[in-house]
Amino acid sequence: MSVKAMLAIIMTAVFVNNYVLQQFLGICPFLGVSKKLDQASGMSIAVIFVMCLATAVTWPIQYYLLTPRSGAYDLGYMQTIVFILVIAALVQLIEMVLKKYLPALHKSLGVYLPLITTNCAVLGVCIANIDSRYGFGHSMLNSFGSGLGFFLAMVLFSGVRSRTEYCDPPEAFRGLPITLVAASIVSVSFFGFAGVIEKLFG
Amino acid sequence: MNTILLAIIAVTALGFICALMLAVASRFMSVKEDLRFHAVRESLPGANCGACGYAGCDGYAKALITDPEIKTNLCVPGGDEVSGKLSLALDRPYLDVEEQVALVACSGNCDATSHKMDYFGIESCAAAKLLHGGTGVCSYGCMGLGDCARACPNGAICVEKGIAHVNTRLCVGCGICAGTCPNHIIRLIADKEIILVNCSSEDRGAVTRKNCKNGCIACKKCERVCAVGAVKVVDNLARIDYDKCPDCPDPGVCARECPTGCIKIADFRGIFNAEKECC
């Protein structure tokens, strides 16, 4: 895989197929934890970490356990339930390991890890990698890019939210309504990336 | 039939492997927590105010357990009750807490001083302070926009006639207000004291006089009348060394002699001692 191809995969995952702003997965942390920049970035780093890890585990499970290349049997329909099971167990294990060996990292990421366990964006990335028939390396890059895209969306939106906190909107828009309207505008702005990456790397 | 059986076996096996992995991990990677931690943490009020000098109640509880040198009477907002519970939980001798109250060291209300601008910005001292050093002609004084009143967990602070006042009878002495005040004019003093220099201006006397009728003009009269040398004028502001006050033969002489009346004598007892020795 050339550097150009790798860049194209990551850029596509970050801008064009942004999980939050383009595919509308993982909206709950996007709205819930984006109030403060430090929380938003902490959560996003945890998401990047978990996405990469989950892909590293689910890809072999898909191709060696559920749908083996030999074609002896096909358990593809068990994909969702097996992936949820494996990701949940994995995140639990990681939390324990962090608590024991890296207490400082556990303190900063620990609160977010259980939140991410069954996050739809994480599961979405794993399933999308399989559906798009990516190879292992390609899948890992795509997951990393998707995590970065999540990071970008969270950081951008925490900036937007700090503005809406200090403005004085009409009564009906206060609180969640103005947040949702702002989120939709940020999302629309990301549609502008659609052709750019293709033209750059195409 | 065969596929269903295979699916069941595969998922069950996978589930077992995951469960086994987690069980083994929790056995070998469990982190031992000191059993006293919960007892100590429960005894603390949980306000996370930082008055003890540690990062929140968790930090103080952890420090208490790990280091026997740390005193159990550092939680000022909790008062004697919390200190008692802590000494019980940790099996250490009881230490009395020196209760504190917060006091606003500024008497520049709207009768005494004036504003240098008509401020229409965000209702917050922190925001106003960023604009030419605050709204008042005296840059050291209270701006009366009430950051401290909003921060106070007990509702002990109110803003009246343009300056903040602490109702000491409601004050637990946590010091959150002192941390929020952008001018740092809120003092924490032991609540048994009766004297307060009610000004924070370090401007020269003439400047202070021009800006505010009630400010400390650094005339040093208090220094001369104090028999025990507790009052010292440093940087154009009278400061009291409360350690020397108990020896004073004539308590309150400094307050009576102050020409601008900025040294105040009053009963500052806080919420814990307000009931005691009253009437």
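Quick note: numbers below take in every heavy atom, side chains included, and nothing from hydrogens, waters or symmetry partners. Being a predicted model, the structure only gives us computed values, none of them experimental. Throughout, protein chains are lettered first and strands after them, A, B, ... in sequence-line order, and every chain is numbered starting at 1.
- For the ring pair (Phe, Tyr, Trp, His ring centres under 6.0 Å) condition, no pair includes a residue of residues 122-162 of chain B, sequence neighbours left out.
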Review item, side-chain donor-acceptor pairs of residues 156-164 of chain A, under 3.5 Å, at least two apart:
unit_1	atom_1	unit_2	atom_2	d
A:S158	OG	A:V155	O	2.9
A:R161	NH1	A:L31	O	2.6
A:R161	NH1	A:S34	OG	3.1
A:S162	OG	A:G159	O	2.7
A:T164	OG1	A:R161	O	2.9

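- With rounding to the nearest 0.5 Å, the separation of CE in A:M96 from CE in B:M21 is 9.5 Å.
- Counting non-hydrogen atoms of other residues, nucleotides and ligands closer than 6.0 Å to NZ of B:K71 gives a total of 12 or fewer.
- Heavy atoms of other residues, nucleotides or ligands lying less than 6.0 angstrom from NZ of B:K62 number 12 at most.
- Looking at residues two or more places apart in sequence or on another chain, you find no side-chain hydrogen bond (donor to acceptor under 3.5 Å, both in side chains) involving B:N73.
- For the residue pair A:L93 and B:A25, the shortest heavy atom distance occurs at CD1-CB, 3.4 Å.
- Interface remark: B:A10 contributes side-chain atoms only to the contact with chain A (heavy atom separation under 4.5 Å).
- The distance from the CD atom of A:Q92 to the OG atom of B:S26 is 10.0 Å, given to the nearest 0.5 Å.
- Remark: A:F193 CZ is packed, more than 12 non-hydrogen atoms of other residues, nucleotides or ligands lying under 6.0 Å away.
- Of residues 75-83 of chain A, those residues lying under 4.5 Å from chain B by any heavy-atom pair are A:L75, A:Y77, A:M78, A:V82.
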